[in-house]
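Note sheet for the following structure.
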Amino acid sequence: MIIHYLKPILFFIPLAVIQLVIVPLISISNIAPNIVFILIAYFTLKHGQVYGTILGFILGFLLDIISGGLTGAFMFSFTVSAFIVGYFYGENKIDINISTYFLLFILFVCGSINSFLYAVISNSNSNVSLFFMMLEEGILPGLYTALFGLPIVIFHPKEGI
Amino acid sequence: MRKFLRRIVSDYKEYILLIFLSVISFTILAQNEKPAAKHLKTFALGNFAVINEITNSIVSIFKSDESRDELRNENAHLMLELNRLRKYRAENEELRSMIAFKDTSNYPLIPAKIISKLVTKSQGNFIVNRGSNNEIRKGMPVINSKGLVGLIMDVTENYSVVQNLYNSNLSIAVTLQRINVNGILNYDGKNLIIKDIPTTYDVQIGDIIETSDFSSIFPPSIPIGIVSKKESNVLGLLHNLKVEPFVNIFAANNLFILKIIPSKQINKLEMNLIK
């Protein structure tokens, strides 16, 4: 069972480096894509909701401890958002979900939820309005994250669609 | 009963798993300040930051130039000196030359480079390539040539986590330099803000904000930013000041760590006062 999770963890290491070193260079007004979430969403759509939820939990924990942020914040947001991605999973719909533009929609919706949850958990100041939070810390990062899912759609082998 | 429970678990295993993992996440969230959690974090950070540093050195287009580093160092010293002199002038104008003023211009500066950044709206953190091997300690202020950047939060042997101004957990005692009014600077997720300054004080747009004499975390007279906007509240009796920092936090790359160790005597006195 542990081996089953080893592959995404191995992918996680370079992606985490990219997330922490290179992604800040391409952020716009502190809005950045979450490359690690794309990895979690991809594996959730391939292997199912339970797998994805556990993977989100593990990778969230790892990202929290190596990024210097609040431990538990990414853990929670990745767990919940991977669970929601799992609703799109279907054994007969794997290729449709991953190899078509529908993946971008999934990444946008669930990426927005992920970013929003992270912002809610990590922001200890209660003066920020909910609308502002949803827009700047939810929808815009989700949109940016979905954009980075484009290479998967373009380059993923399309089998039997 | 067993059959019933088994059916519940098999029908709702995804939800049970979600709730279980969420509870664990919240528990770990609540344990953030415990020594075991901090130890795990510093261990993981210290080891992973090596990869970040290697990648950062590859990504960096310009190699560090020694003469440029010397100029930055001198610039940072001059920035502190200039701000201190501005404050002296303000004090002299108010005939306060009898008040003792601690010399802030001789703090040793340790240069550091940012090797990774956590880009979120409310948890502004950097990881820098200096640690306990370079005599860095938790609580040391971090500046660059333009002003205050943040505070050292966690330290490993070779790396440290810097909590920057755009972090909702950082509160700083500040002074409006021109009129010598004190306040607390916070980040509310959108702006740097000083709350509840009485409108009787003549605060103007463009007033310089610096660290206060009352701060036990930062030495006094480190420039932070300027007042960019005033907003009245509470029937016009108080106002909130939005602050524009001197430092472009997200473009910051080369920093200096002020080698100041917080005084244990002062901390002890403050704890006794609180008790």
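Per chain, numbering begins at 1; letters A, B, ... match sequence-line order.
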Portion of B/Ile115 that has a non-hydrogen atom of chain A nearer than 4.5 angstrom
backbone
Counting only non-hydrogen atoms closer than 4.5 Å, does B/Phe126 touch chain A with its backbone (N, CA, C, O), its side chain (CB onward), both, or neither?
neither
Tell me, for A/Phe83 versus chain B, whether the close heavy atoms (under 4.5 Å) come from the side chain, the backbone, both or neither.
side chain
Check the surroundings of atom CZ in A/Phe11: do more than 12 heavy atoms from other residues, nucleotides or ligands lie under 6.0 Å from it?
no
Is a donor on one side and an acceptor on the other found under 3.5 Å between the side chain of A/Asn114 and the backbone of A/Ser81?
no
Taking atom CD1 of B/Ile127 and atom CE of B/Met153, what is their separation to the nearest 0.5 Å?
13.5 Å
Considering only heavy atoms, which portion of A/Tyr51 lies under 4.5 Å from any heavy atom of chain B: side chain, backbone, both, or neither?
neither
Which bit of A/Ile22 comes within less than 4.5 Å of chain B, counting heavy atoms only: side chain, backbone, both or neither?
side chain
With chain B, which of A/Thr71, A/Leu62, A/Ile65, A/Val21 has the greatest number of heavy-atom pairs at distances under 4.5 Å?
A/Thr71
Should we count OH of A/Tyr87 as having more than 12 external heavy atoms under 6.0 Å?
yes
For the OG atom of B/Ser22 and the CE atom of A/Met75, what is their distance to the nearest 0.5 Å?
9.5 Å
Counting heavy-atom pairs under 4.5 Å with chain A, the top scorer among B/Asp154, B/Val161, B/Ile114, B/Thr55 is B/Thr55
Check whether any side-chain N or O of B/Asn191 sits under 3.5 Å from a backbone N or O of B/Ile193 as a donor-acceptor pair, and report yes or no.
no
